[in-house]
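To start, the structure under review is shown below, and the notes come after it.
Computed from a prediction, not measured in an experiment: that's the story for all the values here. In each ligand, atom 1 is the first atom listed, and ligand 1 is the first ligand listed. Atoms considered below: every heavy atom in the structure, side chains included; atoms not considered: hydrogens, waters and symmetry mates.
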Amino acid sequence: MKDKNCACKGIRTCLLCDDSKVESFYSENILEYIYCWKCGDKAYIKHQFDNHTCGNANQSEMIQFISIDGIFLQPDVLTEDEEIKLIQSIDSYDWVDSQSGRRKQDFGPKINFKKKKVNFSSFHGLPSIDIKLLDTIKRDRLRNDPNYSRFTSSTLENDSSDSILCNFKTVEICHLEYCPERGSSIDPHFDDFWIWGERLVTLNLNSQTVLTLTLKPNPEQKVLNYCVRIPLPPRSLLVLYGDSRNRYEHSIRPLDIIDRRLAITYRELPSSFLCTSHDDYNRIGKEFIMRSENLI
Ligand SMILES: O=C(O)CCC(=O)C(=O)O
Ligand SMILES: [Fe+2]
């Protein structure tokens, strides 16, 4: 361990505080399935990925795959020009050091997840360019090819002809920066279930990476553990929901950061805050909506 000159706490580390981090991270050998965004609901064993046929029909029985619920990925939702302008806007705000070698910019209230308390005093609105681009994407740039199973989950109340972002109301935005020099990563985790809704929406900018889904190891279950690797090109939009949000933890491994990568996460509220008779939840829901409608 080196002297701490970073924001890591507890078991989290980055290259600044632990130079063995990258080699030791996820050294266990587990089966890797690669997600195919065209198929929408399948991930193929790594060495056979290039041989698979997209869609449900005509799949060779020799190809080993798993079905996976609740991933939507759409490449090229932004033009290169839009991406450049978005990155310029992001870099006009101050970065704050965060855990595991990341830096971040938060646009939302301070939340104490354990005590279930929300403090809105520092939340003054959401960056307008982030919201306008997501609106454009929602309106014009998402495709639901009927030949493939792009929406899979029963946890969404959407009709299959709806966009995956139907009725998505952003109430919090976070900008994240990952750099290979800092060994930036995010450990496997669930996003909070109390305050954040069903869909986790992420825009990937500046360089490609891979988001990894894993199941928490369960010593009682004797099934071989595995991971699902989701390649994320720059300018792609990812939505995790259903099993991918609720059953699998997600992470970004340091070796998957090959260049500076920026991500914008957009979060919504669950219905428990929106249509409720619970006074406290009602107040929190209303305050979120009111503050997030202010574009800065
Ligand atoms: O960087 C990413 O794509 C994931 C970020 C994430 O999981 C989070 O902020 O909760
Ligand atoms: Fe997350």
Seminar exercise, completed: Restricting Asp191 to its N/O/S atoms, the closest one to the Fe ion (ligand 2) is OD1
Exercise. What does the angle at the Fe ion (ligand 2) come to, between atom NE2 of His189 and atom NE2 of His250, rounded to 10°?
Worked result: 90°
Purely on distance, is any nitrogen or oxygen of [X] under 3.5 Å from one on ligand 1?
X	answer
His250	yes
Asp191	yes
His189	yes

For this session: Starting from atom 1 (O) of ligand 1, locate the nearest protein heavy atom and write down its residue, its atom name and how far away it is, to 0.1 Å.
Result: Tyr178 OH, 2.5 Å
For this session: Give the residue and atom name of whichever protein heavy atom lies nearest to atom 3 (O) of ligand 1, and the separation in Å to one decimal.
Result: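 Result: Arg261 NH2, 2.9 Å.
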Flag for [Y]-[X]: side-chain donor and acceptor within less than 3.5 Å:
X	Y	result
Asp81	Thr79	no
Asp256	Thr209	no
Arg229	Thr212	yes

Exercise. Any heavy atom of Arg102 sitting closer than 4.0 Å to ligand 1?
Worked result: no
Exercise. Does ligand 1 have any atom that is closer than 4.0 Å to a heavy atom of Arg267?
Worked result: yes
[X] (side chain) donor-acceptor with [Y] (main chain) under 3.5 angstrom:
X	Y	answer
Lys138	Phe168	yes
Ser184	Cys179	yes
Asn294	His124	yes

Exercise. Which of the numbered atoms in ligand 1 are below 4.0 angstrom from a heavy atom of Leu176?
Worked result: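 Contacts of ligand 1 toward Leu176, numbered from 1: 1 (O), 5 (C), 9 (O).
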Exercise. Which ligand 1 atoms does Thr202 reach within 4.0 Å, using its non-hydrogen atoms?
Worked result: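 Those qualifying, in numeric order: 3 (O).
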Problem set entry | Proximity to ligand 1 by part of Leu238, non-hydrogen separation under 4.0 Å | neither
Exercise. Checking ring pair (Phe, Tyr, Trp, His ring centres under 6.0 Å) for the pair Phe288/Phe120: CA distance, chi angles, key distance, verdict?
Worked result: CA-CA 8 Å; Phe288 252 116; Phe120 285 97; 5.2 Å; yes
Exercise. Between Phe273 and Trp194, is the gap from one ring center to the other below 6.0 Å?
Worked result: yes
